[in-house]
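This report concerns only the one structure given below.
Position 1 is the first residue of the sequence, and the numbers go up from there. Because only heavy atoms are used, hydrogens play no part in the values below, and waters and symmetry mates are left out as well, while side chains stay in. Whatever order the structure lists ligands and atoms in, that order sets their numbers, starting from 1.
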Amino acid sequence: MIKGIDPERIPTHIGCVMDGNGRWAEARGLARTEGHKKGEDALFEAVEGSLELGVKWLTVYAFSTENWRRPADEVRFLVNFNEDILVRRREELNDRGVRIRFAGRRDWRVPRRIIRRMDESLAMTEKNRRMTLTIAFNYGGRAEIVDAVRALVADKVPAKKIDERAIRSHLYDPEMPDPDLVIRTSGEYRISNFLLWELAYSELVFTETLWPDFTREHLYDAVREFQGRDRRFGGTAR
Ligand code: FPP
């Protein structure tokens, strides 16, 4: 196994806020989009590292509900780049036993073509069980809670039946376990609307590394840090 990592205590679900692509590019005098392009390698380092460790769920924040506010050409680039990565790499993910899922709003802002690509990718990989890669696209944590409440109302669930289980079962993917570990790169100490409901008890690891420089070694470091923490879920120490 990997040095310093206890194979018995691998996080079941890791979330990644892939931040710092723009700054990576700007520091090199390149267009911000070059940072996103380099971010693809880092994404696959995270995927390969997770497979190596035996992580069952990996969720990556690819495009937030707030990212539409960026300049139109960067938005266009990011939307097309997400599609491009998906189409270019889904067969490889499928071959690796990865099930692809999506979390986010399928609203009018998401082009029909992308929705079609998402549905094709879901169908192509739905039988895979080695790991689930959830791509948070047009995702916002508050939007997810709003959508869950709307779904509860649409299902005519009476107020007294609304509890945490009812809300959880109306989130984008009711099967997805809460993340054990959330990693954010680039020295920003924020959650930025990522998995708000789900990360109530997640261990958070922040690193100065910019996303394009992220490798599986950084992932292993985060898991070592996770394994050094004492998770009490509101209780007392064991
Ligand atoms: C944050 O960097 C990164 C993003 C907004 C996009 C990340 C997306 C990818 C790496 C592609 C993922 C694709 C799939 C299919 C999962 P930033 O631009 O906010 O960087 P900055 O904070 O330095 O400006």
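- By the 6.0 Å contact criterion, CZ on Arg69 is open, its count of non-hydrogen atoms from other residues, nucleotides or ligands being 12 or less.
- In summary, Arg150 and Asp147 engage in a salt bridge, as defined by a charged side-chain N under 4.0 Å from a carboxylate O.
- Taking a cutoff of 4.0 Å between a charged side-chain nitrogen and a carboxylate oxygen, Glu225 and Arg229 qualify as a salt bridge.
- From the protein, the heavy atom lying nearest to atom 9 (C) of ligand 1 is Met18 CE, 3.9 Å.
- No N or O atom of Trp24 sits closer than 3.5 Å to an N or O atom of ligand 1.
- Under 4.0 Å from ligand 1, the heavy atoms of Leu43 that appear belong solely to its side chain.
- Counting only heavy atoms of the protein, atom 20 (O) of ligand 1 lies nearest to Gly22 N, 3.0 Å.
- In Arg70, the part holding a heavy atom less than 4.0 Å from any atom of ligand 1 is the side chain.
- Atom 7 (C) of ligand 1 has as its closest protein heavy atom Asn21 ND2, 3.5 Å.
- The residue Glu188 has no part lying near ligand 1, judged by heavy-atom distances below 4.0 Å.
- Between Ile85 and ligand 1, not a single N/O pair is under 3.5 Å apart.
- Under the 4.0 angstrom criterion for non-hydrogen atoms, Gly20 is in contact with ligand 1.
- In this structure Arg90 satisfies the salt bridge (charged side-chain N to carboxylate O under 4.0 Å, His left out) test together with Glu120, sequence neighbours excluded.
- Looking at ligand 1, you'll find an N or O of Arg23 within less than 3.5 Å of one of its N or O atoms.
- Residue-to-ligand polar distances keep Asn67 apart from ligand 1: every N/O pair is separated by 3.5 Å or more.
- Between Arg224 and Asp221, at least one side-chain nitrogen of the basic residue sits less than 4.0 Å from a carboxylate oxygen of the acidic one, meeting the salt-bridge criterion.
- Heavy-atom separations between Glu83 and ligand 1 are all 4.0 Å or longer.
- Summarising the geometry of Ala222 relative to Ile183, their closest heavy-atom pair is CB-CD1, 3.6 Å, with the distance given to 0.1 Å.
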Between side-chain atoms of residues 130-139 and protein atoms elsewhere (two or more places apart, or another chain), which donor-acceptor pairs fall under 3.5 Å?
residue, atom, partner, partner atom, Å
Arg130, NH1, Arg96, O, 3.2
Thr132, OG1, Arg99, NE, 3.0
Thr132, OG1, Arg99, NH2, 3.0
Asn138, OD1, Trp68, NE1, 2.8
Asn138, ND2, Arg105, O, 2.8
Asn138, ND2, Asp107, OD1, 3.1
Tyr139, OH, Glu144, OE1, 2.6
Tyr139, OH, Leu195, N, 3.2

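- Within the 4.0 Å heavy-atom criterion, both parts of Asn82, backbone and side chain, lie near ligand 1.
- For Tyr201 and Asp178, the side-chain atoms include no donor-acceptor pair closer than 3.5 Å.
- Which parts of ligand 1 touch Ile135 is read off a 4.0 Å heavy-atom cut-off, strictly below it: atoms 16 (C).
- The protein heavy atom nearest to atom 6 (C) of ligand 1 is Ala62 O, 3.6 Å.
- Closest approach of Gly22 to Arg32, counting heavy atoms only: CA-NH1, 3.4 Å.
- Within 6.0 Å of atom CZ in Arg168, more than 12 heavy atoms from other residues, nucleotides or ligands are found, so the atom counts as buried in its surroundings.
- Checked against a 3.5 angstrom limit, the closest N/O atoms of Asp19 and ligand 1 fall inside it.
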